[in-house]
Amino acid sequence: MAETIDFGSFSLRFLRDKHATGGSLDMFELILQPGGRMPVPHHHESWEETVYGLSGSFRYTVEGVDHDIGPGDSLFVPRGKVHGFSNPSGAEARCLCVLTPGVLGPEYFRELAALLTGGGKPDPAKVREIMRRHGLVPAA
């Protein structure tokens, strides 16, 4: 059964069994509620990400440039490029995210979700600390 981790304004549903991929959760569906966003722009030092629009519309911002993505659209985010995502639309949006190579384990997502769903605005320093520990590099 696919694991889903809820972050409040967005959630992730893993499409590969983490046991079959050696613990790597490298392919997941991102479900963004209206107003949902990644709280801290960041980059990956050791992997790339490709995002495929499934339904609704959302925005990925890469190196300060906005890319609006809808069904059938895709975006490649090379390693080292600062990026984040948001859903400025009034409807739910879904996309497929593929990390190459897949390196994130479930603990990163669980720790981040616990912080983001704790009520109120999360402490940016705590978000950054979790990201750094798992190989993501927050933008300054």
Side-chain angles (χ1 to χ4, degrees):
M1 180 174 183
E3 180 177 7
T4 299
I5 299 177
D6 182 28
F7 293 81
S9 66
F10 66 95
S11 59
L12 300 175
R13 185 171 69 89
F14 298 105
L15 303 175
R16 288 199 202 190
D17 183 298
K18 63 183 173 245
H19 303 292
T21 59
S24 172
L25 299 169
D26 56 355
M27 184 182 299
F28 53 88
E29 181 181 24
L30 174 63
I31 301 109
L32 283 159
Q33 299 305 317
R37 67 181 185 87
M38 180 67 195
V40 176
H42 61 284
H43 68 86
H44 314 138
E45 289 187 318
S46 59
W47 70 91
E48 296 86 28
E49 180 175 7
T50 304
V51 180
Y52 301 93
L54 299 175
S55 66
S57 62
F58 60 97
R59 179 170 293 149
Y60 253 67
T61 302
V62 181
E63 297 289 304
V65 177
D66 290 336
H67 301 270
D68 291 324
I69 300 174
D73 295 334
S74 65
L75 177 68
F76 176 69
V77 183
R79 68 186 70 193
K81 299 293 183 185
V82 174
H83 68 282
F85 57 79
S86 62
N87 180 359
S89 77
E92 180 183 272
R94 294 173 180 256
C95 63
L96 175 67
C97 300
V98 180
L99 307 180
T100 308
V103 293
L104 288 178
E107 285 309 310
Y108 163 70
F109 295 105
R110 290 183 190 130
E111 287 179 41
L112 189 60
L115 186 63
L116 296 180
T117 58
K121 187 171 180 156
D123 178 352
K126 290 182 180 177
V127 173
R128 286 181 173 89
E129 191 275 325
I130 290 170
M131 294 173 84
R132 282 189 188 103
R133 205 163 1 113
H134 292 278
L136 289 86
V137 182

Side chains of M38 and L112: does their closest heavy-atom pair fall under 4.5 Å?
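A side-chain contact exists here, since the closest heavy-atom pair is under 4.5 Å.
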Return the minimal non-hydrogen interatomic distance between [X] and [Y], and the atom names on each side.
| X | Y | answer |
| --- | --- | --- |
| D123 | A125 | OD1-N, 2.9 Å |
| D73 | D68 | OD2-O, 4.1 Å |
| D66 | R59 | CG-CD, 3.4 Å |
| G80 | E63 | O-OE2, 4.1 Å |
| S57 | A93 | O-CB, 3.5 Å |
| F58 | G53 | CE2-CA, 4.1 Å |

Mark yes or no for whether Q33, through its side chain, and F10, through its backbone, hold a donor-acceptor pair below 3.5 Å.
no
Judged by atom type as modelled, is there a donor-acceptor pair below 3.5 Å linking the side chain of S86 to the main-chain atoms of P88?
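No, the answer is negative, given that no donor and acceptor are paired below the 3.5 Å cut-off.
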Nearest 0.5 angstrom please: [X] [atom1] to [Y] [atom2], how far?
| X | Y | atom1 | atom2 | result |
| --- | --- | --- | --- | --- |
| E45 | R132 | CD | CZ | 10.5 Å |
| S11 | L32 | OG | CG | 8.5 Å |
| L12 | C97 | CG | SG | 7.5 Å |

Check for me, please, whether [X] and [Y] land in the same ILVMFWY cluster - side-chain distances under 4.5 Å, paths through other members count.
| X | Y | result |
| --- | --- | --- |
| M27 | I31 | no |
| M131 | L115 | yes |
| I69 | V77 | yes |
| L136 | V127 | yes |
| W47 | F109 | yes |

Applying the ring pair (Phe, Tyr, Trp, His ring centres under 6.0 Å) test to Y108, which of H42, H44, H134 qualifies?
H134
Considering the options F85, Y52, F76, which one meets the ring pair (Phe, Tyr, Trp, His ring centres under 6.0 Å) requirement together with Y60?
F85
For the residue pair H43 and H83, is the inter-centroid distance of their aromatic rings smaller than 6.0 Å?
no
